[in-house]
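Below you'll find the structure, written out as C-alpha cells, and then a few comments.
Per chain, numbering begins at 1; letters A, B, ... match sequence-line order.
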Protein chains: 2
Amino acid sequence: MSERRPGEIPEATVARLAVYLRVLTGLVDASTVTVSSEELATIAGVNSAKLRKDLSYLGSIGTRGVGYDVTVLREKIASSLGLTQRRTCVLVGIGNLGHALAGYSGFSSRGFTFVGYFDADPARVGEPIVDSRIRDIAELELVVKSHGVSIGVIATPAEAAQTVCERLVDAGVTSILNFAPSVLTVPDNVDVRKVDLAAEMQILSFHEHRKSRGLGNGLVESVG
Amino acid sequence: MSERRPGEIPEATVARLAVYLRVLTGLVDASTVTVSSEELATIAGVNSAKLRKDLSYLGSIGTRGVGYDVTVLREKIASSLGLTQRRTCVLVGIGNLGHALAGYSGFSSRGFTFVGYFDADPARVGEPIVDSRIRDIAELELVVKSHGVSIGVIATPAEAAQTVCERLVDAGVTSILNFAPSVLTVPDNVDVRKVDLAAEMQILSFHEHRKSRGLGNGLVESVG
DNA sequence: TTCACTTTGTGCCTGCGTTCACAAGCGGTT
DNA sequence: AACCGCTTGTGAACGCAGGCACAAAGTGAA
Ligand SMILES: NC(=O)c1ccc[n+]([C@@H]2O[C@H](COP(=O)([O-])OP(=O)(O)OC[C@H]3O[C@@H](n4cnc5c(N)ncnc54)[C@H](O)[C@@H]3O)[C@@H](O)[C@H]2O)c1
Ligand SMILES: NC(=O)c1ccc[n+]([C@@H]2O[C@H](COP(=O)([O-])OP(=O)(O)OC[C@H]3O[C@@H](n4cnc5c(N)ncnc54)[C@H](O)[C@@H]3O)[C@@H](O)[C@H]2O)c1
C-alpha cells in the first residue's frame, strides 16, 4: 500500500524539478561537467537529502563518489517533465498582464510555443502582438483544435475566467494556468494551477503582522 | 509538544485564508448575511471540514446550527492577515512585467500601497507611472526608510535579483515577493515568496506528459 | 587486489496537513 | 420547557513530505 509505482513522482518533487532544471541549465552554460548533490542543493536552496530523494524518483542517475553528470541530469529532468516536445499554448485576455506575458521570452526558451493570443474586446482584436496579431475570442476553438493546444493561460478579469475556462476545456485543452482571482471548476481530467498575486501579498502581510506583534511583548492578542 | 499556541496559524491555512477573504468580500457585495461552512467551502473550492478547521484557528466565530456571519468573518480574517493597516510596498524593475503590476488595481483595493517604482535604466527613470514617476534605484534606501516599507516586489532580470534583494533587506524590508527566476538568499527574519511562472508551466507540462503516456497502454516507461 | 575516501540512494522516523465522523451547541417550534 | 434539526468545532486516524544517518557503490592509489 505504501509502494510508489515507478514513474510516480510526488507533486512536491515535480515543483522542485523545475528549479533544478533551471539551475542545471545555468551549469551547462558555465561548462560544468559534474555536480554533487551538496553543491546543487546549495544553489537550488534546498536540503541535499531532499534533492537526492527527488532525483531518485527519476532512477539512479548519479555516480557514487562522483556526483551527477550535469548534461545527463538536465536531459533526464527535462524528459520527466515532458519537455522533450514543445508544448503549444494559447493566451486569453490580452490586457495589462496579458501583454507582459506575451512579451516574455522565458516561455519560448523553455519549450512553450504560444500559437494564439485572444481577446474579446473588438478594439484590441487585430492589434499586433509579438510576431502575430490579437485574435477574436470567437476563433479560440478553431486554433486550439488545429494546433492540438495543451495549455491555456487565462488573464481575463475574474468574471470572464470560468466561461473562458469552459471554452478552453470544450475545445480540448487539458491544462490551465489561471491568473484571474477566481476559483475554476473543471472536469477531473483537467489540471488547473492558479497564480494569485494578491494572495501572495496577503501571505506576506500575515508574516509582517506576526513579526510586529512579537516585538512589543511576549503576549499574543487575546480574543475578546 | 503537539499543542499549538493560540495565534499560531499553519502556513497552509494562511494561504487559504486569502481565498476565503476574497470569496467573503464577494458575498458582502451580494448582501449575503450568513454563510455555512458547506456553502463557503464549495465556493472556495475546498473541503468543508478543512475550511472549518482553518477558521477554528481564528477562534470560535460561527454559530452552530446557523453558520458564519459574513461581515464578522471577513473582518476577523482581514485582521488575522494583518490587513487592518495598509501595507506600504515598493516595486523594483519596471519592465514588461513591472508595468503590468504597477497598473493592477487589485493590490490597492486589498490594502497595499505602492510608494515607489524603481528602475536602474536611466532611459526609464522619470517616466510617468500610475500617479507617480519611475525613480532611480539610487533612491531606494531613502524611500524605503522614510515610508517604513515592509514589502518589496522584485521584477528585475534574474541576474539583478539578489543584489536588489540585499539592498531592500539592508534598507529594512522584511518581506519580498520575487518574480525573477532565481533563488534569493536572505537573513532568517526576512520572508521570501517567489512566483515562478515558467515553473508553473513546466508542472502543467509534466501532467500533460503523464496523461498522454497513460493513453496508449497501461505500461510505464521503463528506464533503459 | 585491497584500502581509503567520496557521494549516492534509501530506510526510518517525525511532523504537518487533510479528512472523517461525531459530540456539543444553538435556534426554532410546539 | 422539551424537543428536533442543523451546523460548528475538534479528536483521531491517515497519508504525504522532510530530514537524518548509514549502508552500498563507485573512484583512485598503492
Ligand atoms: N495586471 C496585473 O499585474 C495582475 C496582477 C494580479 C492579478 N491579475 C489578474 O489578471 C487578470 C488580468 O489582469 P489585467 O490587469 O491584465 O486586466 P485587464 O483589464 O488589463 O485585461 C483583461 C483583458 O481581458 C479581456 N477580456 C475580458 N473578457 C474576456 C473574455 N470573455 N474573453 C477574452 N478576453 C476577455 C479584456 O478585453 C482585457 O483586454 C485579472 O483577472 C486580474 O485580476 C493581474
Ligand atoms: N514578463 C513576464 O511575463 C514574466 C514572466 C515570468 C517571469 N518574468 C520574470 O520577471 C522579471 C522581469 O521580467 P520583464 O519581462 O519585466 O523583464 P524586462 O527586461 O522587461 O524588465 C526588467 C527591468 O528591470 C530593470 N533592471 C535591471 N537591473 C536592475 C537593477 N539592478 N535595479 C533595478 N532595475 C533593474 C531593467 O531596466 C528593466 O526595466 C524577469 O526576471 C523575468 O524572468 C517575467
Determine whether a donor-acceptor pair (N or O, by modelled atom type, separation under 3.5 Å) exists between the side chain of [X] and the backbone of [Y].
| X | Y | value |
| --- | --- | --- |
| S36(B) | G67(B) | no |
| K211(B) | T174(A) | yes |
| S109(B) | G106(B) | yes |
| S205(A) | L81(B) | yes |
| R87(A) | M201(B) | no |
| R86(B) | S108(B) | yes |

Review point. Mapping R52(A) and G65(A) to their closest nucleotides on DNA chain D, which lands nearer the 5' end?
Key: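 Nearer the 5' end of the strand: R52(A).
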
For residues 16-27 of chain B, tabulate all N or O donor-acceptor pairs below 3.5 Å that involve a side-chain atom, not counting sequence neighbours.
{"unit_1": "R16(B)", "atom_1": "NE", "unit_2": "D54(B)", "atom_2": "OD2", "d": "2.7"}
{"unit_1": "R16(B)", "atom_1": "NH2", "unit_2": "D54(B)", "atom_2": "OD1", "d": "3.0"}
{"unit_1": "R16(B)", "atom_1": "NH2", "unit_2": "D54(B)", "atom_2": "OD2", "d": "3.4"}
{"unit_1": "Y20(B)", "atom_1": "OH", "unit_2": "D54(B)", "atom_2": "OD2", "d": "2.6"}
{"unit_1": "R22(B)", "atom_1": "NH1", "unit_2": "P181(A)", "atom_2": "O", "d": "3.0"}
{"unit_1": "R22(B)", "atom_1": "NH2", "unit_2": "D196(A)", "atom_2": "OD2", "d": "2.8"}
{"unit_1": "T25(B)", "atom_1": "OG1", "unit_2": "L21(B)", "atom_2": "O", "d": "2.9"}
{"unit_1": "T25(B)", "atom_1": "OG1", "unit_2": "R74(B)", "atom_2": "NH1", "d": "3.3"}

Review point. Does any non-hydrogen side-chain atom of V190(B) lie less than 4.5 Å from one of L168(B)?
Key: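 No; the side chains remain at least 4.5 Å from each other.
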
**Study point:** Side-chain touch F179(B)/L91(B), heavy atoms, less than 4.5 angstrom
**Key:**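 Answer no - side chains too far apart.
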
Could you state the [atom1]-[atom2] distance from [X] to [N], rounded to the nearest angstrom?
| X | N | atom1 | atom2 | value |
| --- | --- | --- | --- | --- |
| L73(A) | dT8(C) | CG | P | 11 Å |
| E11(A) | dT18(C) | CD | P | 14 Å |
| I61(A) | dT7(C) | CD1 | C1' | 15 Å |
| Y68(B) | dT7(D) | OH | C1' | 8 Å |
| Y57(B) | dG9(D) | OH | P | 13 Å |
| L17(A) | dA17(D) | CG | C1' | 15 Å |
| E8(B) | dG17(C) | CD | C1' | 16 Å |
| D54(A) | dT8(C) | CG | C1' | 14 Å |

Review point. Taking DNA chain D as the partner, which of residues 19-42 of chain B come within under 4.0 angstrom of it by heavy atom?
Key: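 Per residue number, the list reads S36(B), S37(B).
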
Which of the following nucleotides, [options], is nearest to the side chain of [X]?
| X | options | answer |
| --- | --- | --- |
| N47(B) | dC20(C), dT10(D), dC26(C) | dC20(C) |
| A49(B) | dA21(C), dG19(D), dT8(C) | dA21(C) |
| S60(A) | dG17(C), dC20(C), dG9(C) | dG9(C) |

Heteroatom pairs (N/O) under 3.5 angstrom, protein to nucleotides 11-13 of chain C:
{"unit_1": "dG11(C)", "atom_1": "O6", "unit_2": "K53(A)", "atom_2": "NZ", "d": "3.3"}
{"unit_1": "dC12(C)", "atom_1": "N4", "unit_2": "K53(A)", "atom_2": "NZ", "d": "3.1"}

Exercise for review: Name the nucleic acid region contacted by A12(B), choosing base, sugar-phosphate or nothing; use a 4.0 angstrom heavy-atom cut-off, strictly under.
Suggested key: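 Touches sugar-phosphate only.
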
Exercise for review: Answer with base, sugar-phosphate or nothing: what part of the nucleic acid does L55(B) contact at a heavy-atom distance below 4.0 Å?
Suggested key: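 No contact.
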
Check your understanding: Quick one: does R64(B) reach the base of dT8(D) with a side-chain donor-acceptor pair under 3.5 Å?
Key ->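 By the distance-only test, yes, there is a pair.
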
Review point. Could R52(A) and E38(A) be called an ion pair, given the rule that one side-chain N must be under 4.0 Å from one carboxylate O?
Key: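 Here R52(A) does not pair with E38(A) in a salt bridge, since their nearest N and O are not under 4.0 Å apart.
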
